[in-house]
Peer 1: 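First, the structure itself, so that you have it in front of you.
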Amino acid sequence: MASLTTYADEALIALDTLASRAAGIVSPNIRLGVTGLSRAGKTVFISSLVHNLIHGGRLPLFEAQKTGRIARAFLEEQPDDAVPRFQYEEHIDALVKERRWPESTRAISELRLTIAYESASAWGRMFSRGQLSVDIVDYPGEWLLDLPLLGKNYAAFCRESRELATLPVRADLAADWLAAANAVDPNADADEMTAKALADRFAAYLRACKEDSRALSTLPPGRLLMPGDLDGSPALTFAPLPQEKTGRTRPGSLYAMMERRFEAYKTHVVKPFFREHITRLDRQIVLVDALQALNAGPAALADLERALTDILSCFRPGRGNLVTDLLTRRIDRILVAATKADHLHHENHDRLQAIVRRLADRAVARARLTGAEIDAVAMAALRATREGTVRQGREDLPVIIGTPLAGETIGKETFDGESETAVFPGDLPDDIGPLFDAAADTTPVEALRFVRFRPPRLERSADGLSLVLPHIRLDRALQFLLGDRLA
Ligand SMILES: Nc1nc2c(ncn2[C@@H]2O[C@H](COP(=O)(O)OP(=O)(O)OP(=O)(O)O)[C@@H](O)[C@H]2O)c(=O)[nH]1
Ligand SMILES: [Mg+2]
């Protein structure tokens, strides 16, 4: 990790930061990064957060809202012209009008939400203009997993990819790529078609690891999974060559070509992303789909922990370098949030929260992250279920009620996407220790039953004017991420 960025990079970062600090004096703003691996729930989280703030949703744990100090919240033009805007209106239309989940988003996007508020203290009211702009930046967590690549050369990347591919939980998925890669001679002449075929197979292996049944997380290089606008460019047309390397690299060989592209990927893709986006963040929320991992078994949970460790390492401040130490904006709060808690009955929310907390604690320790306040929460940005009980014999069983997505099945029943049903979701274990001690185990946590639900039918707010997006503990997340800046 020593030669993370060159001196010139550091200087650029420092200048940028000074400029944005200066700008911050004019209009107080905060940059909130929202990340998580694909399908973790980033788009739904941002949409619901913004909707709840603009339309005065029910947020009893968000102090500024509860005490009526928020005059209004509204969207403004975002400050960065080169970054796509977060398509808030489209996503809300999908959720509210069509009751379908928004389309997957594959790249970075940004939205500026401005909150006009009244300070809680007389002192604060005298000095504060009472306006806070929150720049929300949505970006794929996969891209963060590339940071460790900066400290690695191509040979190390090849070695580690080979080691990962031979883990029991991955070996069968990697077989096709490994066979193809082992069949080529790294010293043969460089050839575009061979490079492309290997890159395609490697990407297919990474994608297979992400499928529901495996739910694996640690899969760099991130852009092979999530190319953004770089799809097909040479900087993405590379793959590790798993053979033991012997002797010097022959110029013009396949190995030399792959090595050069790997370096180009670091220089032209990874570094600019960190410089332009990550170093400017003040706060960060990392969404994790812990339920999906639990459902796939402890091996997936261990993998999620590894990914979370790599993600959190990216937010470690000042890596011993004077320039970054002194001048970059520091991320001072990080929230690790398990999404989709509405798949569980509320009695289990605390258990899920305990699991994310344990996950976060372990990842924080392994990433040697210091200097930022870290919290963990189990939440649902948009609650798709309500709770009830079903009488079975003499027992009242707690159930959740919702509309399963068309095609979901429970036992022999297949749902049509229109009818409601009650599901007994099962319980998370009371003793969570064993979940973390059985990293090689791929059996799902017993007695959990997951069905994907449609977004809920919405209720009107008390004044009847707007629709309310129901949630679980979104207000707690907001309080941690923004509360102090609205004090
Ligand atoms: N029940 C429930 N499901 C959710 C919630 N949030 C997200 N989901 C589900 O998770 C899926 C992914 O959510 P997104 O917000 O699109 O996730 P993302 O991280 O933006 O995904 P990408 O854009 O593909 O990276 C949705 O289609 C829903 O099925 C939630 O609060 N409750
Ligand atoms: Mg998205």
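In each ligand, atom 1 is the first atom listed, and ligand 1 is the first ligand listed.
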Peer 1: Apply the test side-chain contact (heavy atoms from CB on, under 4.5 Å) to residues Q479 and R476: give CA-CA distance (whole Å), side-chain angles for both, the deciding distance (0.1 Å), then the verdict.
Peer 2: CA-CA 5 Å; Q479 179 62 23; R476 194 174 166 274; 5.7 Å; no
Peer 1: Is the ring centre of H91 less than 6.0 Å from the ring centre of F86?
Peer 2: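 Yes.
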Peer 1: Can you check which of E103, R100, K340 brings a heavy atom nearest to atom 5 (C) of ligand 1?
Peer 2: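 Minimum heavy-atom distance to atom 5 (C) of ligand 1 goes to K340.
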Peer 1: Could you check whether the rings of F157 and F262 sit parallel, tilted or perpendicular, using 30° and 60° as the cut-offs?
Peer 2: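 Parallel: the ring planes of F157 and F262 meet at under 30°.
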Peer 1: Quick check on contacts: which atoms of ligand 1 are under 4.0 angstrom from a heavy atom of D342?
Peer 2: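 In order of numbering, the contacting atoms are 1 (N), 2 (C), 32 (N).
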Peer 1: Considering only the protein, which heavy-atom contact is closest to atom 13 (O) of ligand 1, and what is its distance?
Peer 2: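 It is G41 CA, 3.5 Å.
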Peer 1: Are F202 and F238 close enough that their ring centers fall under 6.0 Å?
Peer 2: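 For F202 and F238, the ring centres are not under 6.0 Å apart.
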Peer 1: So V390 and F424, do their side chains get closer than 4.5 Å, heavy atoms only?
Peer 2: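 No, too far: nothing below the 4.5 Å cut-off.
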Peer 1: Checking a contact table here: which protein heavy atom is nearest atom 28 (C) of ligand 1, and how many Å away?
Peer 2: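 Looking at atom 28 (C) of ligand 1, the protein heavy atom closest to it is W101 CD2, 3.3 Å.
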Peer 1: For atom 19 (O) of ligand 1, what is the closest protein heavy atom, and at what distance to 0.1 Å?
Peer 2: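 Nearest protein contact, heavy atoms only, for atom 19 (O) of ligand 1 is K42 NZ, 2.8 Å.
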Peer 1: What protein heavy atom lies closest to atom 20 (O) of ligand 1? Include the residue and the distance to one decimal.
Peer 2: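 Here the closest protein heavy atom is T43 OG1, 2.7 Å.
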Peer 1: Please confirm whether T339 approaches ligand 1 to less than 4.0 Å, judged on its heavy atoms.
Peer 2: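 Contact check T339 vs ligand 1: negative.
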Peer 1: Does an N or O from A384, backbone or side chain, lie closer than 3.5 Å to an N or O of ligand 1?
Peer 2: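 No - when backbone and side-chain N and O of A384 are compared with those of ligand 1, no distance drops under 3.5 Å.
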Peer 1: Give me the nearest non-hydrogen protein atom to atom 15 (O) of ligand 1 as residue plus atom name, then the distance to 0.1 Å.
Peer 2: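 Minimum-distance protein heavy atom for atom 15 (O) of ligand 1 reads V44 N, 2.8 Å.
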Peer 1: Shortest non-hydrogen contact from D146 to G222?
Peer 2: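 Distance-wise, the nearest heavy atoms are OD1-N, 2.8 Å.
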Peer 1: I need the single residue from R457, R99, E408 that forms a side-chain hydrogen bond (donor to acceptor under 3.5 Å, both in side chains) with T403. Which is it?
Peer 2: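 Single side-chain hydrogen bond (donor to acceptor under 3.5 Å, both in side chains) partner of T403 among R457, R99, E408: R99.
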Peer 1: Any side-chain heavy-atom pair from L458 and P470 closer than 4.5 angstrom?
Peer 2: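 With C-beta onward as the side chain, the pair touches.
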Peer 1: Flag F45 as yes when one of its N or O atoms lies below 3.5 Å from any N or O atom of ligand 1, and as no otherwise.
Peer 2: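 Checking ligand 1 against F45, no N or O pair falls under 3.5 Å apart.
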Peer 1: Is any side-chain heavy atom of V270 closer than 4.5 Å to one of Y265?
Peer 2: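 Y265 vs V270: side chains touch.
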Peer 1: Consider every N or O of A381 and every N or O of ligand 1, then say whether any pair is closer than 3.5 Å.
Peer 2: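 Indeed, backbone or side chain, A381 has an N or O that close.
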Peer 1: To check your reading of the model: name the closest protein heavy atom to atom 30 (C) of ligand 1, its residue, and the distance in Å.
Peer 2: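 In this structure, atom 30 (C) of ligand 1 has L382 O, 3.3 Å as its nearest protein heavy atom.
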Peer 1: Can you check whether C314 reaches F274 side chain to side chain, under 4.5 Å on heavy atoms?
Peer 2: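 C314 vs F274: side chains touch.
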Peer 1: Round to 10° and report the angle made at the Mg ion (ligand 2) by OG1 of T105 and OG1 of T43.
Peer 2: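 The OG1/OG1 angle about the Mg ion (ligand 2) sits at 100°.
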Peer 1: Check whether any heavy atom of P140 sits under 4.0 Å from an atom of ligand 1.
Peer 2: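 P140 does not count as a contact of ligand 1 under the 4.0 Å cut-off.
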Peer 1: Give the numbers and elements of all ligand 1 atoms closer than 4.0 Å to a heavy atom of A380.
Peer 2: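 The atoms of ligand 1 under 4.0 Å from a heavy atom of A380 are 31 (O).
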Peer 1: Give the single entry among G141, S104, S48 that approaches atom 24 (O) of ligand 1 most closely by any heavy atom.
Peer 2: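 Closest candidate by heavy-atom distance is S104.
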Peer 1: Could you tell me how the ring of F273 sits relative to the ring of H277: parallel (under 30°), tilted (30 to 60°) or perpendicular (over 60°)?
Peer 2: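 Answer is tilted, since the angle falls between 30° and 60°.
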Peer 1: Just to be sure I'm reading this right: ignoring hydrogens, which of T35, D138, T105 gets closest to atom 23 (O) of ligand 1? Compare them by their nearest heavy atoms.
Peer 2: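 Among T35, D138, T105, the closest heavy atom to atom 23 (O) of ligand 1 belongs to T105.
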Peer 1: If you count the atoms of ligand 1 from 1 in the order shown, which ones are under 4.0 Å from a heavy atom of R106?
Peer 2: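 With R106 as reference, the close atoms of ligand 1 come out as 24 (O).
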Peer 1: So, does R39 sit close enough to ligand 1 that a heavy atom of it is under 4.0 Å from the ligand?
Peer 2: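 A heavy atom of R39 does come that close to ligand 1.
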Peer 1: Determine whether the side chain, the backbone, both or neither of H343 has a heavy atom under 4.0 Å from any heavy atom of ligand 1.
Peer 2: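 Side chain only.
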Peer 1: Between D80, D138, D282, which is the residue that forms a salt bridge (charged side-chain N to carboxylate O under 4.0 Å, His left out) with R31?
Peer 2: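 Considering D80, D138, D282, a salt bridge (charged side-chain N to carboxylate O under 4.0 Å, His left out) with R31 is found only for D80.
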